[in-house]
Amino acid sequence: MQGTEYGDEEVKKVMRTELHDRLVQAEKENRPLRIYCGYDPTKADLHLGHTVTMRKLQQFQEFGHEVTFLIGDYTALIGDPSDKDVTRPILKEEEIRANANTYAEQAFRILDPKKTIIRYNSEWLSKLNFAEIIRLTQNFTVQQFLSREKFKLRWERGDAVYLHETLYAVMQGYDAYSLKADVQVGGTDQFFNIVTAARKVMTALGAQPNIAICLSILPGTDGVEKMSKSLGNHVPINTTPEDMYGKMMSIPDNCMPVYFRLVTRWTPEKVAEMEKAMQAGSLHPRDAKMALASEVTEAFYGEEKAKAAEQDFVVKFQQKSIPDEMDEFVLTPGQKCLDVLVDAGMVKSRTDGRNMITQNAVKLNEELVTDWNAELSEGVLQVGKRKFVRLVKAK
RNA sequence: GGGCGGUUACCCAAGUGGCCAACGGGGACUGACUGUAAAUCAGUUGGCAUACGCCUUCGGAGGUUCGAAUCCUUCACCGCCCA
């Protein structure tokens, strides 16, 4: 149950008991538990935040349970109103399909492809007829939806709450029913969808309600907002080991504990131990964060590449020396420093380049460049802390 | 359908004829300090120009004026109220 959060101790207790009972029941029936988590293919790239639930799925997988990775191609037609306080733009079907394709591939960096069942919810949702939908919605009152925080907020502000948005939770409930799910994994923002909607739909249709595993929301690299690409505080999955390691090092100290629980493979004992050591002062927060960055990077890229990424980080940022690999830029005779900065894409404009130079941000071979008309020789040109380019002469 | 209010740079937001490339805040970037943490201090944040200055920008188009983000006309979008 590491990293779970229900906002209510009672609910947590109930879920814990139910999970225990269900395990016993499944054992008797000589079958594994059926676990699932749904992902709406609304973006092309996944980030670390998405992997929180995948990691939980993976843990179940390790214990031999049956895991379904559900791609919400049909729910993506609506877009989950849970995590937004504004109406979502509606995606085109082609976009959804394109995104869906990249999802599974990225998910398999965590989940075992051989043990994972991939399903699309259009499979059953597209077959429902109007009468069936009416019967499903009879289980809910408008008040239930209006009392949800996100809808309530919009209601009070006088913003639109569209009728179709209420169907999202109903659809998710029908997913759980169709999959005969024992357990549904999701973020705390899924609490309503899982606990209220899915369990109700399942019960109404005569099935055993599924058990919710709600996980805390992973904050972004700013340490405050929920990780999301649009806020620019995300750690993408499709990136380089160096970038991933570096991004991990930029998270604030105070959100390390959340990261420990949500994105590492560490046991609760190990986490407790590290936190204790940090408090006692025997573990430097920086070293703890490096361990965290290594662990996360290793989970995606393997031990060897993670070690290399760490080395790269130490060299580049802690010792502030110049990295081995960087892009090359071929000098043209007569080209001034400012031209090089602009042409090599190191600065966004000549004005910006001038500012950088006057702010002592430009170095050639570790020597400050103060004249933007200087003609540069071969070597390594650096702007700010992390932009490097190797200047070479034309052959 | 009628009345009123709004649309300013990445975001929020001030500006209601010249002193406006446009106050302030947030964010971002750079430097100092450091652990690519936090906090703090200093600077930059339309483009071109090593300066003087010039050019483009305040929802779109047109107009008034020596001069417009600011006034007028019109179009588009958004919000509030009445029907």
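The residue among A:Leu338 and A:Met356 whose nearest nucleotide of RNA chain B is located toward the 5' end is A:Met356. Comparing A:Ile251 and A:Thr351 along RNA chain B, the residue whose closest nucleotide (by nearest heavy atom) sits nearer the 5' end is A:Ile251.
With sequence neighbours left out, the side-chain hydrogen bond (donor to acceptor under 3.5 Å, both in side chains) criterion links A:Asp371 to no other residue. Considering only residues two or more places apart in sequence or on other chains, A:Lys305 meets the side-chain hydrogen bond (donor to acceptor under 3.5 Å, both in side chains) condition with none of them.
Nucleotides B:U34 and B:A51 have their P atoms positioned 34 Å apart, rounded to a whole Å. Taking atom C1' on both nucleotides, B:G27 is separated from B:G59 by 24 Å, rounded to a whole Å. Comparing B:U64 with B:G17, their C1' atoms are spaced 12 Å from each other, to the whole Å. A gap of 12 Å separates the P atoms of B:U44 and B:C23, to the nearest Å. Distance check on atom P: B:C71 versus B:U8 gives 16 Å, rounded to whole Å. For the P atoms, the distance linking B:A21 with B:A32 amounts to 34 Å, nearest Å. Here, B:U57 and B:U7 have their C1' atoms 15 Å apart, quoted to the whole Å. B:G15 sits 11 Å from B:G6 when the P atoms are compared, rounded to a whole Å.
The pair A:Asp182-A:Arg31 meets the salt-bridge criterion, since a charged nitrogen lies less than 4.0 angstrom from a carboxylate oxygen. Between A:Glu298 and A:Arg265 there is a salt bridge, since at least one side-chain N of the basic residue sits less than 4.0 Å from a carboxylate O of the acidic one. Taking 4.0 Å as the cut-off between side-chain N and carboxylate O, A:Lys289 and A:Glu295 do not count as a salt-bridged pair.
The interatomic distance linking A:Lys348 (NZ) with B:C48 (C1') rounds to 14 Å, in whole Å. Note: NZ (A:Lys336) to P (B:A49) measures 11 Å, nearest angstrom. The separation between A:Arg350 atom CZ and B:U45 atom C1' is 19 Å, rounded to whole Å. Across the protein-nucleic acid pair, A:Asp253 atom CG and B:G35 atom P stand 12 Å apart, rounded to whole Å. Per the geometry, CG belonging to A:Leu368 stands 15 Å off P belonging to B:U30, to the nearest Å. One atom, CD of A:Glu225, and another, P of B:G26, lie 16 Å apart when rounded to the nearest Å. Protein atom CE of A:Met249 is 17 Å distant from nucleotide atom P of B:U34, rounded to whole Å. What separates CG of A:Asp222 from C1' of B:A37 is a distance of 13 Å, to the nearest Å.
Across all strands, A:Gly246 comes closer than 4.0 Å to base atoms (heavy-atom distances). Residue contacts shown for A:Asn254 are absent, as no nucleic acid heavy atom lies under 4.0 Å away.
Cluster partners of A:Phe130 are A:Ile134, counting Ile, Leu, Val, Met, Phe, Trp and Tyr whose side-chain heavy atoms approach within less than 4.5 Å, directly or via other members. Applying the 4.5 Å side-chain rule to ILVMFWY residues, one finds that A:Val224 remains a lone member of its cluster. The hydrophobic cluster containing A:Val383 also includes A:Phe329, A:Leu331, A:Leu338, A:Val340, A:Leu341, A:Val342, A:Met346, A:Val347, A:Met356, A:Ile357, A:Val362, A:Leu364, A:Val369, A:Trp372, A:Leu376, A:Leu381, A:Val389, A:Leu391, under a criterion of side-chain heavy atoms closer than 4.5 Å among ILVMFWY residues, counted directly or through chains of members. Hydrophobic cluster of A:Val14: no remaining members, since no ILVMFWY side chain lies below 4.5 Å from it.
Here B:G1 sits opposite B:C82 as a Watson-Crick or G-U wobble pair (both hydrogen-bonding atom distances under 3.5 Å). For B:G24, the paired nucleotide is B:C12, the pair qualifying as Watson-Crick or G-U wobble because both relevant distances are below 3.5 Å. In this structure, B:C29 forms a base pair with B:G43, meeting either the Watson-Crick or the G-U wobble geometry with both donor-acceptor distances under 3.5 Å. Across all strands shown, B:C52 forms no Watson-Crick or G-U wobble pair with both key distances under 3.5 Å. The partner of B:G59 is B:C75, by the rule that a Watson-Crick or G-U pair needs both atom distances under 3.5 Å.
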Can you check nucleotides 40-44 of chain B for protein contacts, nitrogen or oxygen pairs under 3.5 Å, and list what you find?
residue: B:G43; atom: N2; partner: A:Gln359; partner atom: OE1; Å: 3.0
residue: B:G43; atom: N3; partner: A:Gln359; partner atom: OE1; Å: 3.1
residue: B:U44; atom: O4'; partner: A:Gln359; partner atom: OE1; Å: 3.3
residue: B:U44; atom: O2'; partner: A:Asn355; partner atom: ND2; Å: 2.9

Tabulate protein N/O versus nucleotide N/O from nucleotides 51-53 of chain B, keeping only pairs under 3.5 Å, one per line.
none

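Pairs engaging residues 328-341 of chain A under the salt bridge (charged side-chain N to carboxylate O under 4.0 Å, His left out) rule: A:Asp339-A:Arg350 [sequence neighbours left out]. For residues 351-363 of chain A, no pair satisfies side chain to side chain donor-acceptor pair (under 3.5 Å), with sequence neighbours left out. The list of salt bridge (charged side-chain N to carboxylate O under 4.0 Å, His left out) pairs with a residue in residues 198-210 of chain A, not counting sequence neighbours, reads A:Glu18-A:Arg199.
Distances from the side chain of A:Ser349 to the nucleotides B:G47, B:U36, B:A38 place B:G47 closest.
Not one side-chain nitrogen or oxygen of A:Ser250 sits closer than 4.0 Å to the OP1 or OP2 atom of B:A37.
Taking the ring centre of A:Trp266 as origin, the terminal cationic atom of A:Lys270 falls inside the region bounded by 6.0 Å and 45° from the ring axis.
Between A:Lys226 and A:Leu218, every side-chain heavy-atom pair lies at or beyond the 4.5 Å cut-off.
Of all the residues in residues 273-292 of chain A, A:His284, A:Pro285, A:Arg286, A:Lys289 reach under 4.0 Å from RNA chain B with at least one non-hydrogen atom.
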